[in-house]
Amino acid sequence: MALVASKHLLQKADRDGYAVPAFNFANMELLQGIVAAAEEMNSPAILAASEGAIKYAGLPMISAMVNAAVKKSKVPLVLHLDHGLSLSTLHDAAKAGFTSLMFDGSRYPFTENINKSRWAARLAKRAGLSIELEVGVIGGKEDKVFGGAGCMTDPDQAWAFERQTVPDALAVSVGTAHGHVKKDLGLDFNLLKKINQLVKAPLVLHGSSGVSDWDLKKAISLGVCKVNMDTQLRNAFTNEVRSILAEKPDEIDLRKYLGPARDAVKKTAMERIAACGSEDKA
Ligand code: G3H
Ligand code: ZN
């Protein structure tokens, strides 16, 4: 199957009450683990590459790996730019075959975020790609994105932001933070409900690693249609490598620890797909 844009997948998820999982990857094993999980669960999935991942692997390699993975796949997969920080990154990703772009203008004051996001939306739409934008600030740290303590999304600002930028998906800050596996922050469901009443676009929950299945399901029932996860997969991968090398410190056949790490990623991704309710929605 060819790569698809995220817009229609998210609209379908919105109608049918589930969320499409978005998993970050930066190397072949993570990508293979994620795609294998989506295949086995018959779930759509968004393959998310951040600016950090692009810097690490290179844009041509990211796009070549994904295209190779997609050729064999029977489920709808999206190649998505996660937290694009500049129009030039969006432009490069569009040229490299990404089918969905995120522009993250959350570090700018509200009006400047609107202005820059409008340009980003125009760029994506001209290229026939889906666009995700962000209003409010998601806390924590992810690659090049530093949200500090974060700033919860104001529902009225979300409404005004959507009217002026018309995104295909809107990332909001409702209590999660980037880069944690165990969250004790607590999602603000009342806030999410208010935002969902005012905003038409499918909502995106960032920083979802470690959010409990119950919280995830509740968030999905309140309009979240895309769930972003990164740290949890890195953790599964790295823990497996660590434990194998602790047992066999002299192992130098990297397939002996990267292979099991890939399986650990697949297992974690399958659990999260189940929590998103996207099993058999391909
Ligand atoms: O954009 C990606 C996500 O928001 C990942 O957050 O690492 O906390 O799961 P996470
Ligand atoms: Zn994020």
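Computed from a prediction, not measured in an experiment: that's the story for all the values here. Along the sequence shown, the residues carry numbers beginning at 1. Whatever order the structure lists ligands and atoms in, that order sets their numbers, starting from 1.
With ligand atoms numbered from 1 in the order given, ligand 1 contributes 9 (O) to contacts under 4.0 Å with heavy atoms of Ser208. The ligand atoms of ligand 1 that sit less than 4.0 angstrom from a heavy atom of His83 are 1 (O). Interface of Thr231 with ligand 1, defined as ligand atoms under 4.0 Å from a residue heavy atom, comprises 7 (O), 8 (O), 9 (O), 10 (P). Close approach to Ala177 involves these atoms of ligand 1, each under 4.0 Å from a residue heavy atom: 8 (O). Listed by atom number, the atoms of ligand 1 under 4.0 Å from Asn24 heavy atoms are 2 (C). Residue contact check: Met229 has heavy atoms under 4.0 Å from atoms 9 (O) of ligand 1.
Hydrophobic cluster membership is shared by Ile273 and Leu216, with clusters built from Ile, Leu, Val, Met, Phe, Trp and Tyr side chains linked at under 4.5 angstrom. Hydrophobic clustering, with ILVMFWY side chains joined whenever heavy atoms are under 4.5 angstrom apart, keeps Val241 apart from Tyr56.
Of all heavy-atom pairs between Ser63 and Ala96, the closest is OG-O, 3.1 Å.
Applying the under-4.5 Å side-chain rule to Ile, Leu, Val, Met, Phe, Trp and Tyr, the cluster around Tyr18 extends to Val4, Leu9, Leu10, Val20, Ile46, Val78. Met102 belongs to no hydrophobic cluster with other residues, because no ILVMFWY side-chain heavy atom falls under 4.5 Å from its own, directly or through intermediates.
Of the polar atoms of Gly179, at least one N or O is found under 3.5 Å from an N or O of ligand 1, judged by distance alone.
Among Val204, Asn235, Asp230, Thr176, the residue whose heavy atom sits closest to atom 5 (C) of ligand 1 is Asp230.
Residue contacts with ligand 1 do not include Ala22, since none of its heavy atoms lies under 4.0 Å from the ligand. Not close to ligand 1: Gln232, with no non-hydrogen atom less than 4.0 angstrom away.
Both the sub-6.0 Å distance and the 45° axial angle are not jointly satisfied by Lys116 relative to the ring of Phe103.
The nearest N/O/S atom of His206 to the Zn ion (ligand 2) is ND1.
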### Task
Step by step, work out the side chain to side chain donor-acceptor pair (under 3.5 Å) result for Ser278 and Ser43.
CA-CA 5 Å; Ser278 64; Ser43 167; 2.8 Å; yes
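Looking only at atom types and distance, the side chain of Thr165 has no donor-acceptor partner in the side chain of Ser117 under 3.5 Å away.
At the Zn ion (ligand 2), the angle from NE2 in His83 to NE2 in His178 is 100° when rounded to 10°.
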